[in-house]
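Here the structure is laid out as structure tokens; the discussion comes afterwards.
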Amino acid sequence: MVFSEITGPGVANECLEQCGLHFFDDIFYPEIINPVTGKLVKEGETGELVITTLTKKGIPLIRYRTRDLTRIIPGPC
């Protein structure tokens, strides 16, 4: 995933298991929300990806709505 508004080279990448993307959670705080209500969805449910930057200093983003539908897959690969 690459969002030019957030930073390069991206916010996540795929591992050798290829079962989904691993979010760089030391640099970004991801949330999955209901795109209509804005409320957090339960783990594993599909919703809109919202990102907060944790290390960006020049133009930090707080709860940036990507408009991308995704879900967090619980557990290890």
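Along the sequence shown, the residues carry numbers beginning at 1.
- In this structure, Thr53 contributes its side chain and Pro60 its backbone to no donor-acceptor pair below 3.5 Å.
- The hydrophobic cluster containing Val41 also contains Ile51, counting ILVMFWY residues as joined when their side-chain heavy atoms lie under 4.5 angstrom apart, directly or transitively.
- Partners of Glu45 according to the side chain to side chain donor-acceptor pair (under 3.5 Å) rule, which considers only residues two or more places apart in sequence or in another chain, do not exist here.
- Summarising the geometry, atom OG1 belonging to Thr46 is positioned 8.5 Å from atom CD1 belonging to Ile32; distances are rounded to the nearest 0.5 Å.
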Could you go through residues 23-31 and list every donor-acceptor pair under 3.5 Å that involves a side-chain atom there, pairing it with any protein atom two or more places apart or in another chain?
unit_1 : atom_1 : unit_2 : atom_2 : d
Glu31  : OE1    : Arg63  : NE     : 2.9

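- Nearest approach of Gly47 to Pro35, heavy atoms of both residues: CA-CD, 4.5 Å.
- Going from atom CZ of Arg65 over to atom CG of Asp68 covers 12.0 Å, rounded to the nearest 0.5 Å.
- Nearest heavy-atom pair, Glu48 versus Leu69, reported as atom, atom and distance to 0.1 Å: N-CD2, 3.9 Å.
- Residues Leu49 and Thr66 approach most closely at O-OG1, 2.7 Å, considering heavy atoms.
- Between His22 and Cys15, the shortest heavy-atom distance links the atoms NE2-SG, 3.3 Å.
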